[in-house]
Each structure stands twice: as structure tokens, then as C-alpha cells.
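Notes follow once the structure below has been shown.
Note that the numbering runs from 1 along the sequence shown for the chain.
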Amino acid sequence: MESEKKLILDVNESPKKIGQWIILAVQHLLAMFVACITVPLIVFNSYVVGQDFANAGAKVSYVGLNGQSFASALIAPTLVAAGVGTLIYILLTKMKSPVFLASSFAYIAPMCAAISLGSVPLMKDATGALVAASEGASVVAAYGNIWALPIGMALVGLVYVAVALVVKFAGVAWLNKLLPTIVIGPVIMVIGLGLSGSAISNLTTGSGNQMSYNLIAILCGLIAMVVTAICAHYGKKTISLIPFVLGMCAGYVAAALFTAIGYAAKVDYLKIVDFSPVVNNWSNVSVKSFIAIPDFLFLATKNPVAVQPEHLGTIALLFIPVSLVTICEHIGDHKNLSGIIGRDLLEEPGLSRTLMGDGIATAASGILCGAANTTYGENVAVVGVTKIASVKVIILACIMTILLAFLSPIMTIVQTIPACVTGGVSLVLYGFIASSGVKMLINEKVDFGNTKNIFVASAILVAGIGGLAISFAAGNTTITVTSTAVAMILGIIMNLILKDKKPAEKAEKVEESKAE
């Protein structure tokens with residue numbers, strides 16, 4: 001297996017200069033940051049924990065921590081979980097796979113369903129305090145079943161480990177037959193194109209007072225995209241290695257300038273950057289303004305909602321089917337990365353090790369923040385664009401991600417990066433993922449003169465991009481199989497049903513065509 005272009009730094013190599021090492025690691029951090037923190041922001045948005053919550057040795061009663069929502073409080077633990085999970089993965093894969101793991105979007109639906117099991121709706125009383133909601137009252141939040149999440153992630157980890165053991169003793173030949181290039185290539189395209197909606201949503205949306213369609217936000221995002229592309233294509237030496245950092249910096253500077261003009265002219269439409277996290281951090285200066293221990297999920301105590309025995313079956317039904325889907329995505333990402341770096345990662349370090357690393361990382365992440373870990377296409381794209389496959393760069397990125405969660409000033413600054421800027425860069429990142437699927441089909445010389453391949457690819461692309469999700473009820477809970485998962489399943493079924501024609505049948509078909 002050969003990569004399209006020779007790598008600048010191979011898997012086992014490291015940058016010669018420490019400054020270059022740091023900036024390359026920062027690039028990976030920025031690539032995963034927004035997608036990583038989006039999961040807690042979505043899942044925990046309407047929930048609080050019990051009245052007792054351990055926070056750096058002190059217990060506080062809150063709707064959120066220090067004025068933050070529960071969702072914001074889980075951002076730092078999610079970052080730590082990403083760094084720790086990736087280090088676990090790298091250790092188990094013998095430092096031979098340049099993969100970054102972070103929170104998975106595939107588990108958002110089961111996470112939301114699990115945390116709602118037995119949840120207690122809350123309303124505000126006359127003093128503004130949260131109390132149990134009376135019938136017909138306006139519900140503003142709820143106590144969530146937060147321990148359902150670590151249990152679900154533990155089940156996911158067990159499934160990954162079980163499949164890894166089967167692969168270890170039975171080999172990967174059956175997987176290659178089940179998931180050939182004609183299935184994996186289009187699925188990778190669907191993964192990239194499926195994320196396009198998220199990129200466009202971020203690109204077109206302002207922040208702060210302008211959480212709606214905003215042309216200035218689009219301009220800032222497009223500046224980030226164009227600068228990223230120019231630096232990657234024309235840049236020399238260091239510039240060519242850090243296009244995403246430079247692109248995001250350019251977009252951020254543009255957004256900050258428009259925001260400054262907006263405040264000076266008192267025009268809200270121009271206020272693209274929300275600086276409130278920085279302002280809030282320094283409004284009451286204390287030790288926590290500099291260093292703060294993340295509010296890890298396992299520190300939550302005495303939550304009024306407990307996992308009941310009847311919840312366990314529902315939790316299993318919510319998480320185990322999705323784990324089988326993300327295993328397929330795991331394989332697709334590793335095949336994609338294998339083509340980029342010119343090494344077959346399914347052979348060395350081996351699929352059994354990559355699966356085990358991913359599964360154990362997810363179980364650990366569940367305890368830290370309640371989210372799952374998964375391979376990040378954004379970081380695969382960074383490796384593909386920069387041609388920097390150094391695992392040591394990934395390790396530094398993990399350390400920096402973990403430290404970032406403890407450093408309040410940096411966390412608050414990073415939180416001010418507008419969604420439109422990351423959306424602009426994502427246009428390149430997600431497009432690269434989709435393009436990688438096309439390149440895989442070309443590199444493997446998949447014959448689209450074969451009608452079987454056309455039908456397999458067609459089923460995957462239309463089902464995946466068209467959004468063919470399948471939902472079914474499990475008790476009082478609705479389980480949804482995502483469109484990407486459905487697309488992959490349809491592709492596998494079509495590939496198994498349609499057999500390759502024998503040479504004689506092909507010749508007969510050609511003769512019939514000529515006769516017509």
C-alpha cells in the first residue's frame with residue numbers, strides 16, 4: 001500500500017524543532033475541539049445534577065457550576081477524556097497508528113434517551129430556586145439519570161473488546177469480505193458529506209447576540225477556509241504544515257475586528273465573537289481564574305435519579321446496536337488512514353488492537369464525562385493534508401488537550417472561537433474526508449463498469465446522503481439507527497446478494513448490448 005504523496009514525517013518520526021512540534025500538536029487540538037465539545041453541549045443542555053456535587057473538594061448547590069450550565073461544566077471533562085482516551089489507544093496500538101479519539105456524535109441519541117430514564121422535571125419557584133415541577137407547570141430543567149451513561153459506555157467497551165478478540169483469533173479475512181472497498185469507499189464519502197450540514201450550520205451562524213443566519217459570520221468563515229487552502233497548497237516549510245491553525249487565526253482576527261466595530265458603532269449584527277467567557281473568568285479573580293479542576297462525571301454524588309434494574313435492559317438496547325455501527329466506522333476510518341500514510345493499520349498494529357484501544361478508551365471516557373470516544377475524521381484529514389503522520393505529535397496534542405481543561409484562561413479564550421470560523425475550516429476538513437473515499441475507490445481500481453459496484457455504491461450514497469434513518473420502539477424509548485449505519489448495512493447486503501458475474505456471462509451481456 002502506497003500513499004499518494006510521500007509523508008513529511010512518518011508514524012515513528014518526530015519534528016526536529018520543539019516549536020514546530022508544538023504548533024503541529026495545536027493544529028490537531030483545534031481540529032477536534034469544536035466537534036468534541038458539541039456532544040456535551042447537546043446532551044446535557046437541559047439537565048442539572050443533584051444538590052451535592054464535588055468540585056475541587058467543595059460541594060456546591062447549582063444549576064451549573066459557578067454560573068455555568070451543566071453542559072458547559074462538562075466541556076473540560078470531555079477534553080480530558082479525549083486526551084486520556086487517545087493515550088490509551090496509542091499505548092495499546094504500540095504507537096503505530098496516528099489516530100486521535102474524541103467524543104462521538106453517533107451516541108448522542110442513545111445518550112439523550114439514557115439520561116432521561118426516570119428523570120425528574122424541575123421548575124423555578126418564586127425565589128428562583130429549582131423545585132420539582134408540578135403538573136402543568138413550565139419545566140426549565142431536569143435531574144438526569146447521569147449514571148446511565150457510564151454504564152452504557154462500559155457496554156460499548158465490552159462489545160469492542162469482544163469483537164477485537166474474535167478478530168485476533170479468527171483474523172480479518174472475513175471482515176475484508178464483508179467490508180470490501182466498494183462498501184467502505186462510499187461509506188467514507190457519506191461520513192464526510194453527512195457532516196456537511198454541521199459545517200454549513202456553523203458557518204452561517206453568528207455567536208453572542210447573533211445566534212442566527214449572519215452574512216458577516218459567513219465572510220469570516222470563508223476567510224478561514226480560503227487562508228487554510230492557500231497555506232496548504234502554496235505554503236512552504238512551516239506554513240504548509242499548519243494550514244488549519246493559520247486559517248482559524250485569520251478567521252478569528254477578522255471576526256474580532258468586526259466585533260470591535262460592532263461595539264464601537266453599537267451594531268449587534270457585527271458582533272461575531274462572544275467574549276463573555278473571558279469576562280466572566282476575570283470578573284471575580286481567584287485561583288479558579290487560573291487553574292480549575294474539571295467537574296468530572298464521577299465526582300457527581302447523591303444524584304436523586306438512580307439507575308434501576310429495569311433501566312439496564314433499555315440501556316443495553318440503546319447502546320449496543322450503535323456500537324456495532326461505530327465499529328464499522330472505526331474500520332472505515334482506519335482503512336482511509338491506511339491509504340493516506342501508506343501502511344495497512346488493519347494488519348499492523350492490527351484491527352484487534354485498534355478496536356480494543358477504541359473500546360477501552362470509550363469505557364474510560366464514560367466515567368470521566370459520560371460520552372463515547374471515536375476516531376476523528378477531522379484529525380485524519382489533518383494528517384492527509386499536512387502529510388505529518390507522527391504519533392509523537394498526536395501524543396503531545398493529547399497532553400495539551402488534557403492540560404487545556406485545567407487552564408481557565410486558555411479554556412475561556414478557546415471558547416470564544418466563533419462557530420463560523422470552525423465551520424469555514426470544516427468545509428475543507430469534511431470535504432477531505434469525502435474525497436478520501438473517492439481516492440480509495442480510484443487507488444483500489446474499483447471497476448464501475450461492473451453493474452454490481454454501481455448498485456452497491458448507489459444504495460450507500462443515496463441512503464446515507466438522503467438521510468435514511470430507521471427508528472423503532474423499545475418499551476417507552478425510541479431507538480434510531482443513523483443514516484450512515486443504514487447506508488453501510490444496505491451496502492453490505494447489496495454486496496452479498498449481487499455476485500460477480502462469470503466471464504462467460506459478461507461476454508454474453510456484451511454481445512447482447514452490441515446486438516441492440
Side-chain angles (χ1 to χ4, degrees), residues 1-33 79 82-102 224 227-250 252-253 333-334 336-345 348-349 353-354 357 375-407 410 413-414 425 428-429 432 436:
M1 182 180 294
E2 296 182 0
S3 58
E4 184 183 271
K5 179 180 176 182
K6 186 178 179 181
L7 295 172
I8 297 173
L9 285 179
D10 209 339
V11 172
N12 57 348
E13 296 177 334
S14 58
K16 295 180 180 179
K17 297 180 180 179
I18 187 65
Q20 187 181 63
W21 200 333
I22 291 173
I23 201 70
L24 290 171
V26 168
Q27 188 163 242
H28 275 286
L29 191 160
L30 291 176
M32 53 70 66
F33 181 82
L79 290 173
V84 170
T86 304
L87 290 175
I88 291 172
Y89 171 91
I90 288 173
L91 177 65
L92 290 177
T93 55
K94 302 184 293 185
M95 294 182 63
K96 294 184 177 181
S97 179
V99 164
F100 201 103
L101 304 179
V227 171
T228 298
I230 290 174
C231 291
H233 188 65
Y234 293 108
K236 305 295 183 182
K237 297 182 179 179
T238 303
I239 291 178
S240 66
L241 304 180
I242 55 170
F244 298 104
V245 173
L246 296 175
M248 293 189 74
C249 285
Y252 187 90
V253 169
D333 283 339
H334 281 77
N336 184 20
L337 184 58
S338 295
I340 290 171
I341 67 175
R343 295 168 178 252
D344 191 347
L345 297 175
E348 184 60 35
R353 283 184 172 273
T354 63
T375 51
Y376 254 36
E378 292 92 332
N379 296 86
V380 172
V382 170
V383 173
V385 172
T386 64
K387 301 301 175 183
I388 303 292
S390 171
V391 170
K392 294 177 182 177
V393 169
I394 302 289
I395 291 174
L396 181 57
C398 292
I399 295 171
M400 294 172 70
T401 301
I402 295 170
L403 292 177
L404 174 66
F406 289 82
L407 300 177
I410 298 178
I413 291 172
V414 173
V425 173
V428 180
L429 284 172
F432 186 89
S436 295

4.5 Å side-chain heavy-atom contact, [X] and [Y]:
{"X": "V99", "Y": "N379", "result": "no"}
{"X": "V383", "Y": "L337", "result": "yes"}
{"X": "I341", "Y": "P98", "result": "yes"}
{"X": "I88", "Y": "L92", "result": "yes"}
{"X": "V393", "Y": "W21", "result": "yes"}
{"X": "V385", "Y": "P243", "result": "yes"}
{"X": "I90", "Y": "I395", "result": "yes"}

Listed by chain and number, what are the side chain to side chain contact (heavy atoms under 4.5 Å, CB included) partners of A82, not counting sequence neighbours?
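Residues passing side chain to side chain contact (heavy atoms under 4.5 Å, CB included) with A82: M32, C36, F100, A102.
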Tell me which pairs pass side chain to side chain donor-acceptor pair (under 3.5 Å) where either residue lies in residues 83-92, with sequence neighbours left out.
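Residue pairs with at least one partner in residues 83-92: Y89-S97, Y89-H334.
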Determine, stepwise, if the pair I388 / L7 fulfils side chain to side chain contact (heavy atoms under 4.5 Å, CB included).
CA-CA 6 Å; I388 303 292; L7 295 172; over 6 Å; no
Residues in salt bridge (Lys or Arg N to Asp or Glu O under 4.0 Å) contact with E13, at least two apart in sequence or another chain
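Once residues adjacent in sequence are excluded, E13 has no partner under the salt bridge (Lys or Arg N to Asp or Glu O under 4.0 Å) criterion.
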Do the side chain of T228 and the main chain of V425 share a donor and acceptor less than 3.5 angstrom apart?
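Between the backbone of V425 and the side chain of T228 there is no qualifying donor-acceptor contact (under 3.5 Å).
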About how many Å separate [atom2] of [Y] and [atom1] of [X], when rounded to the nearest 0.5 Å?
{"X": "I402", "Y": "L79", "atom1": "CD1", "atom2": "CG", "result": "10.0 Å"}
{"X": "L9", "Y": "L24", "atom1": "CG", "atom2": "CG", "result": "7.5 Å"}
{"X": "L30", "Y": "M248", "atom1": "CG", "atom2": "CE", "result": "5.0 Å"}
{"X": "I23", "Y": "H28", "atom1": "CD1", "atom2": "NE2", "result": "12.0 Å"}

Does anything in residues 90-102 pair up under salt bridge (charged side-chain N to carboxylate O under 4.0 Å, His left out), and if so which pairs, sequence neighbours excluded?
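Passing the test, one end in residues 90-102: K94-E348, K96-E348.
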List the residues meeting side chain to side chain donor-acceptor pair (under 3.5 Å) with T375, not counting sequence neighbours, and say none if there are none.
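For T375 the side chain to side chain donor-acceptor pair (under 3.5 Å) partners, ignoring immediate neighbours, are D333.
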Please enumerate all residues that pass side chain to side chain donor-acceptor pair (under 3.5 Å) together with T401, with sequence neighbours excluded.
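Not a single residue meets the side chain to side chain donor-acceptor pair (under 3.5 Å) criterion with T401.
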Is there a side chain to side chain contact (heavy atoms under 4.5 Å, CB included) between N12 and M95? Walk through the geometry before answering.
CA-CA 8 Å; N12 57 348; M95 294 182 63; over 6 Å; no
